[in-house]
Protein chains: 2
Amino acid sequence: MTDDRRSAGAPTLEDVARAAGVSRATVSRVINGVRNVDPAIQEVVRQAVSVTGYAPNRAARSLVTRRADAVALVVSGAGVEAEAGVGAEAAARSGAGGGPRATAGGGGSFTAQVFADPFFGRVVTGVVDYLRPRGVHPVLMFAETSRARDEVVAYLRQGSADGALVVSTHAEDPLPGLLTEAGLAAVLFARPARPVPISYVDLAHQDGARLAAEHLLARGCRRLATISGPLDVPAGRARLTGFRDTLARQGHAYIPVAEGRFTQESGEVAMERLLVEHPDLDGVFAANDLMATGACHVLREHGRRVPEDVAVVGFDDSSAALACRPPLTTVRQPVEAMAAEMARLLLDRPPGPSSPATSVIFEPELVVRASA
Amino acid sequence: MTDDRRSAGAPTLEDVARAAGVSRATVSRVINGVRNVDPAIQEVVRQAVSVTGYAPNRAARSLVTRRADAVALVVSGAGVEAEAGVGAEAAARSGAGGGPRATAGGGGSFTAQVFADPFFGRVVTGVVDYLRPRGVHPVLMFAETSRARDEVVAYLRQGSADGALVVSTHAEDPLPGLLTEAGLAAVLFARPARPVPISYVDLAHQDGARLAAEHLLARGCRRLATISGPLDVPAGRARLTGFRDTLARQGHAYIPVAEGRFTQESGEVAMERLLVEHPDLDGVFAANDLMATGACHVLREHGRRVPEDVAVVGFDDSSAALACRPPLTTVRQPVEAMAAEMARLLLDRPPGPSSPATSVIFEPELVVRASA
DNA sequence: TTGAAAGCGCTAACAT
DNA sequence: ATGTTAGCGCTTTCAA
């Protein structure tokens, strides 16, 4: 069903111009909605476009506009692999233990882990909803190794994308540094652990943890404990600090802590440990919903009723909070809105070579359900 | 820290050529690893590249090579919105319930729903692992409305991507048809409901359901029921058929069915209904792990022990199977391998305008854990 | 083996 | 308001 095309390839502006009896420039103006085109001619051109089945060639357009209308959506992690400034010793380890394929084991488990948390899906939702009406497309990239990070930088330097939206899963992530060093546009989800002059959106984690603490206290809990996130992740640390500080101010000097890794399983392990060491606890704050879900499972297995015997508060208000039995009382993080703001910061930045870094902090909110 | 660049922009081939004292063509040959370049000159060029900090401009390259080195990774659904092309009757349903914005409610909940199922993360993992070593990047797109589908087609027609990898969530999805009509390269995950000349990978769903049925029978279950997937999804229908047929052959003529929608919540609702109508059942096959998880919750709430009182078998072997209490016995679908094969089919196709459609069917495998 | 030169399809001055 | 023209940065014949 290919239309009458003179040459073999797809129709070009030239073809449309010929069909419409005007110049390439006029066709271009109509297509890009530039003013100063006679309405009658506009109509003729539109006809010619649909007759020829013309679609503008993106590469040609990008070449002259210097925009890709794409952004890299990067999920970044501190290297499991060896780190180094430029990556000298990274090469050393890479020889050992690798399977036949370059990215097999490591890449697989990293991406799997990323998607296991409902959090990332919400980020994508927020980003896509913002980008779509603006005609910008997200290119999915994972930067969990030194090499993968270099590829992200190279990709941006080639002009394949107009900037990067980076979701860092660990502190000590070198990517933000690499990006700013290379003078590339980027916005982070969450403040970088090492101070880097780069824009980001984040949540007032301590305030969120405070809400959880106050709710548990108001409920009458007196023997509290917490399952923290990884302490090398700023968010994990901030939630712990906020929880502890609030309780300390209310006279609870010592709070048992078990460190988790934001996975359901780590939440189970942590809960087991807390229960062994403090069998009489009556309230738990888990630093995310996945760990809270794991905690609920373990509590029930040990004959504790939630919330009657032990109250549980989660964090995030992800889909896991609703899926849990009982549904989790949790601290809501407006991930979609934060992700949209991240995209906005990237796209709306002034055209200059490097605009000043901006940060936007969102406030959490307590959502009361059945678990506490 | 920008290097000494003559002009304002990034260094070009011209700059490198000048620095190396050779022609643009030679630099291009070195960069693209084309043979016939003097080793000494190669070295000089490489020096010049690193001195100038050169990175090839992707748009310029794409313009001449006619490849984008990108593929669209499309999550597609039947249109909630009005349909135009092939699907006339789809429009009928669409009138009601539309929000003011085109992509808002529908789009948001659609993406959220997509990521709620661990399935999609596994697809991404498989695809990315295959694409990455080949220097190809996935552009994430959602095609849940008529308009969004048109945008996918337009995107490909612009040459922004070399083809599409399509994960369809519903039958009656018009996208495969639109794609082949436009002569665009695409591979589907799962056979299209309406026959379309297009390549795809799929699972032998009926065989999987048979494995589940045989396992439940071998365990001694005699009063079986099933929570099916949506019956307008071929996979949902095939799993039901496979389960029913196997049991029928063993003398079980009637099997209670409750239809779910592949979500945990729908699994809960379905299980409630089955329990009301058949309180004495002793075995359940759920058409995916999410619904199986929901079923386990409901069974426990009704005082049934899993697997002692009621055995439960899931489908997929997703992360939900391990997260469930008890861990699910389930039918493994090798999603990552299937996704990688999908990418391979797209990339390895002969360069001609339209190669013949190929399909690759994978075999499922029973994974026995605690739930049955 | 290397260089010169012709475009790829588009936008954006500039000229009319 | 429309047309002419000069590139954007790269690959790739074709000559040398």
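Chain identifiers are assigned alphabetically (A, B, ...) following the order of the sequence lines, protein sequences preceding nucleic acid strands; residue numbering begins at 1 within each chain. A quick note: this is a predicted structure, and the numbers were derived from the prediction, not measured. Only this structure's heavy atoms are used, side chains among them; waters, hydrogens and symmetry mates stay out.
Atom CG of residue B:L175 and atom CD of residue B:E181 lie 11.0 Å apart, to the nearest 0.5 angstrom.
Residues satisfying the side chain to side chain contact (heavy atoms under 4.5 Å, CB included) criterion with B:A60, sequence neighbours excluded, are A:L63, B:N57. In this structure, A:Y200 has no ring-ring contact (aromatic ring centres under 6.0 Å, His included) partners at least two apart in sequence or on a different chain. Legend: residues meeting side chain to side chain contact (heavy atoms under 4.5 Å, CB included) with A:V139, ordered by chain and number and at least two apart, are A:A70, A:M141, A:Y155, B:H137, B:V139. The side chain to side chain contact (heavy atoms under 4.5 Å, CB included) search around A:E341 returns A:V201, A:R344, A:L345, A:V360, A:F362, not counting sequence neighbours.
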(request) Heavy atoms under 4.0 Å is the rule here; annotate nucleotides 7-16 of chain D 5' to 3' with B where the base is hit, S where only the sugar-phosphate is, and - elsewhere. (result) -BBBBBB---
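Between A:D150 and A:R147, no side-chain nitrogen of the basic residue sits less than 4.0 Å from a carboxylate oxygen of the acidic one, so the salt-bridge criterion is not met. Ion pairing between a basic and an acidic side chain is recognised when a charged N comes within 4.0 Å of a carboxylate O; B:E144 and A:R132 show such pairing.
Where DNA chain C meets chain A (any atom under 4.0 Å from a heavy atom), the bounding nucleotides read 5' to 3' are C:dG9 to C:dA13.
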